[in-house]
Novice: 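Below are the structure tokens for one structure; questions will follow.
Values reported hereafter were calculated over all heavy atoms of this structure, with side chains retained and with hydrogens, waters and symmetry mates removed. Everything numeric in this text was worked out from a predicted model, so none of it was measured.
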Amino acid sequence: MKYDISITKTANPKAKPDPATLDFGTVFTDHMFIMDYDEGRGWHDARIVPYAPLALDPAAAVLHYAQEMFEGLKTYLTKDGGVQLFRPDMNAKRTNRTNDRLCIPQIDEDFYVDAIKELVRIDKDWVPDAAGTSIYIRPFIIATEPFLGVRPAKSYQFIIILSPVGSYYEGGLAPTKIFVEDEYVRASLGGTGQAKIGGNYASGLKSQEKAHALGFAQVLWLDGNERKYVEEIGTSNAFFVMGGEVYTAPLSGTILPGITRDSVIRLLADWGIPVREERFTIEEVFAAHADGALSEVFASGTAAVISPVGELRWTDKDIIIGNNEIGPLSQRLYDNLTGIQSGELPDTHGWVVKL
Ligand SMILES: *Cc1c(COP(=O)(O)O)cnc(C)c1O
């Protein structure tokens with residue numbers, strides 16, 4: 001292997017949480033992976049060490065100009081006690097595309113997946129076994145060089161932490177209420193919409209808070225140039241079933257290329273259901289509803305897998321989709337994706353990576 005990973009195990013393992021009370025991203029395992037980058041030396045000193053706070057210079061570039069990226073994927077416990085990952089090579093590829101956009105150095109993609117596997121192996125006992133629970137894996141890179149000028153940093157850390165998470169849906173799949181945001185925008189052409197970077201999320205908080213205050217679970221983002229075209233739902237990709245065809249925004253630079261999105265499109269193709277990756281307006285969605293042609297709306301992402309939408313508000317118009325019930329396609333996609341991820345259904349696409 002190109003790099004060795006040194007391993008220092010914790011002397012004080014933490015108590016594991018009760019799987020029944022797990023929520024999202026509040027508990028972390030005993031260990032973390034760290035690797036450093038320095039200009040002239042490249043990535044070096046890959047290590048797994050006890051989970052602990054980082055020591056950062058207050059002038060570290062990440063704290064000032066947000067040169068930072070992150071990823072998110074999950075591990076799944078199979079019935080036979082094995083642990084598996086879902087398409088981790090896609091997270092490695094997306095990391096390098098994000099890195100390129102933020103002038104962060106590239107990382108060896110095979111090593112990236114090996115580092116995830118090694119860390120999960122060390123903290124394997126933390127993978128909860130209750131239905132719907134998993135470990136959420138958070139790889140991220142920060143610019144660590146102490147320097148207050150604006151230019152790409154000369155030093156970085158690549159870190160991976162693990163968080164056992166509970167079932168996203170406590171009472172099973174449930175439709176959500178979504179607010180169509182026509183004031184703030186998430187991304188515009190030429191910006192960073194396709195990159196998984198902290199800056200995109202800090203700038204979305206205001207809008208999310210507004211939606212919450214109005215009683216909505218999330219926002220639907222419109223394009224940043226005309227506020228007309230449908231882009232994404234919160235931190236998920238968005239799908240609309242209209243006239244028997246499935247529409248989703250194209251990967252034209254302003255939306256995040258979701259791995260769940262890609263998997264949904266491939267499953268729909270397997271099933272012979274037409275998918276249109278093309279621009280469509282929120283006006284067309286509301287018109288389709290008025291014509292009785294809008295049968296389902298759902299969001300896709302690693303955390304919730306498939307999240308059906310039961311209600312949409314755009315300006316002063318509210319529509320209820322599919323009787324506010326889970327649509328058949330949303331349910332079928334959810335069952336198939338979670339079935340493949342947990343090893344209960346055959347993996348005909350080579351998506352699953354066992355530890
Ligand atoms: C992470 C993310 C998604 C979903 O990507 P997955 O790879 O499916 O988890 C979609 N939109 C945004 C803005 C995201 O950050």
Side-chain angles (χ1 to χ4, degrees), residues 1-14 16 28-57 60-62 67-78 81-100 102-127 134-146 152-164 196 259 350-355:
M1 199 190 338
K2 209 162 161 189
Y3 311 88
D4 290 323
I5 302 177
S6 81
I7 294 169
T8 310
K9 290 227 182 147
T10 180
N12 302 299
K14 295 181 273 197
K16 310 237 179 355
F28 300 93
T29 66
D30 281 326
H31 299 91
M32 60 184 183
F33 171 91
I34 306 189
M35 177 159 70
D36 301 315
Y37 177 94
D38 288 288
E39 193 179 78
R41 213 176 150 193
W43 291 105
H44 63 90
D45 282 305
R47 57 201 184 272
I48 289 172
V49 292
Y51 186 96
L54 303 171
L56 273 188
D57 193 295
V62 62
Q67 206 191 358
E68 183 269 358
M69 67 77 55
F70 69 93
E71 270 298 330
L73 67 160
K74 282 180 175 173
T75 59
Y76 304 86
L77 198 64
T78 56
V83 175
Q84 57 190 38
L85 303 170
F86 185 70
R87 310 187 74 184
D89 52 306
M90 296 283 280
N91 297 92
K93 284 202 188 81
R94 190 167 66 191
T95 292
N96 274 337
R97 286 199 307 269
T98 297
N99 287 2
D100 180 59
L102 276 219
C103 301
I104 294 172
Q106 298 283 295
I107 285 199
D108 183 283
E109 290 171 14
D110 293 331
F111 179 72
Y112 183 104
V113 174
D114 285 343
I116 291 173
K117 283 168 135 176
E118 192 59 32
L119 180 63
V120 173
R121 237 174 246 133
I122 299 242
D123 279 337
K124 184 174 179 294
D125 292 349
W126 282 82
V127 184
S134 59
I135 279 193
Y136 182 79
I137 305 169
R138 167 54 56 87
F140 62 105
I141 301 173
I142 54 174
T144 52
E145 187 192 354
K154 296 179 176 170
S155 59
Y156 299 85
Q157 278 191 324
F158 169 40
I159 303 169
I160 309 171
I161 55 176
L162 307 177
S163 177
K196 222 167 165 78
I259 295 161
W351 286 341
V352 163
V353 172
K354 293 185 194 293
L355 283 203

Novice: Any heavy-atom pair between the side chains of L85 and I137 that's under 4.5 Å?
Specialist: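 Sidechains of L85 and I137: in contact.
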Novice: Could you tell me the separation between the CD1 atom of I5 and the NZ atom of K117, rounded to the nearest 0.5 Å?
Specialist: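 Between atom CD1 of I5 and atom NZ of K117 there are 11.0 Å.
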Novice: Look only at the side chain of T75 and the backbone of V83, and say whether a donor-acceptor pair between them is shorter than 3.5 Å.
Specialist: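 Flag not set: sc T75 to bb V83 has no pair under 3.5 Å.
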Novice: Are the side chains of L56 and I142 in touch, meaning some heavy atoms are under 4.5 Å apart?
Specialist: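 In contact.
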Novice: Determine whether L54 and I159 make a side-chain contact, defined as any pair of heavy atoms from C-beta on separated by less than 4.5 Å.
Specialist: yes
Novice: When you measure from the side chain of N91 to the backbone of G72, do you find a donor-acceptor pair of N or O atoms at a distance under 3.5 Å?
Specialist: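 Checking the backbone N and O of G72 against the side chain of N91, a donor-acceptor pair under 3.5 Å is found.
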Novice: May I ask you to test the T95-I141 pair for a side-chain heavy-atom distance under 4.5 Å?
Specialist: yes
Novice: Indicate yes or no for a side-chain donor-acceptor contact from T8 to the backbone of V49 under 3.5 Å, with no hydrogens or angles considered.
Specialist: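 No.
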Novice: Less than 4.5 Å apart, side chain to side chain, heavy atoms only: is that true for Q67 and Y156?
Specialist: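 SC-SC contact between Q67 and Y156 confirmed.
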Novice: Would a 4.5 Å heavy-atom cut-off, applied to side chains only, mark R97 and R94 as touching?
Specialist: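 In short, these two side chains touch, coming nearer than 4.5 Å.
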Novice: Which value, rounded to the nearest 0.5 Å, describes the distance between I160 atom CD1 and L119 atom CG?
Specialist: 6.0 Å
Novice: Is the ring pair F28/Y51 parallel, tilted or perpendicular, if the boundaries are 30 and 60 degrees?
Specialist: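 Aromatic pair F28/Y51 classed parallel.
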Novice: Ignoring hydrogens, what is the shortest heavy-atom contact between E68 and L102? Give both atom names and the distance.
Specialist: O-CD1, 3.3 Å
Novice: With sequence neighbours excluded, tell me which residues meet salt bridge (charged side-chain N to carboxylate O under 4.0 Å, His left out) with K93.
Specialist: D89
Novice: Do N96 and I107 come close enough that some side-chain heavy atom pair is under 4.5 Å?
Specialist: yes
Novice: Taking all non-hydrogen atoms of both residues into account, name the closest pair between F111 and A46 and its distance.
Specialist: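 Smallest interatomic distance, heavy atoms only, reads CZ-CB, 3.7 Å.
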Novice: Go through the structure and list residues passing side-chain hydrogen bond (donor to acceptor under 3.5 Å, both in side chains) with K354, not counting sequence neighbours.
Specialist: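 Applying side-chain hydrogen bond (donor to acceptor under 3.5 Å, both in side chains) to K354 gives Q84.
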Novice: Between NZ of K124 and CD1 of I135, what distance do you get to the nearest 0.5 Å?
Specialist: 10.5 Å
Novice: List the steps and the verdict of side chain to side chain contact (heavy atoms under 4.5 Å, CB included) for L73 and M90.
Specialist: CA-CA 10 Å; L73 67 160; M90 296 283 280; over 6 Å; no
Novice: Between E145 and P152, which heavy-atom pair has the shortest distance, and what is it?
Specialist: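 Where E145 meets P152 most closely, the heavy atoms are OE1-O, 4.5 Å.
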Novice: Which donor-acceptor pairs under 3.5 Å do side chains of residues 30-38 form with protein atoms, sequence neighbours excluded?
Specialist:
unit_1: D30; atom_1: OD1; unit_2: K14; atom_2: N; d: 2.9
unit_1: D30; atom_1: OD2; unit_2: W126; atom_2: NE1; d: 3.2
unit_1: H31; atom_1: ND1; unit_2: D123; atom_2: OD1; d: 2.8
unit_1: H31; atom_1: NE2; unit_2: T10; atom_2: N; d: 3.0
unit_1: D36; atom_1: OD1; unit_2: Q157; atom_2: NE2; d: 2.9
unit_1: D36; atom_1: OD2; unit_2: R47; atom_2: NH1; d: 3.0
unit_1: D36; atom_1: OD2; unit_2: R47; atom_2: NH2; d: 3.4
unit_1: D38; atom_1: OD2; unit_2: H44; atom_2: NE2; d: 2.8

Novice: Between CZ of F86 and NZ of K74, what distance do you get to the nearest 0.5 Å?
Specialist: 11.0 Å
Novice: I'd like to know whether NZ of K9 has more than 12 heavy-atom contacts from other residues, nucleotides or ligands below 6.0 angstrom.
Specialist: no
Novice: Quick check: do L355 and V120 have side-chain heavy atoms less than 4.5 Å from each other?
Specialist: yes
Novice: With rounding to the nearest 0.5 angstrom, report the OH to OG distance, Y136 to S163.
Specialist: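 Those atoms lie 9.5 Å apart.
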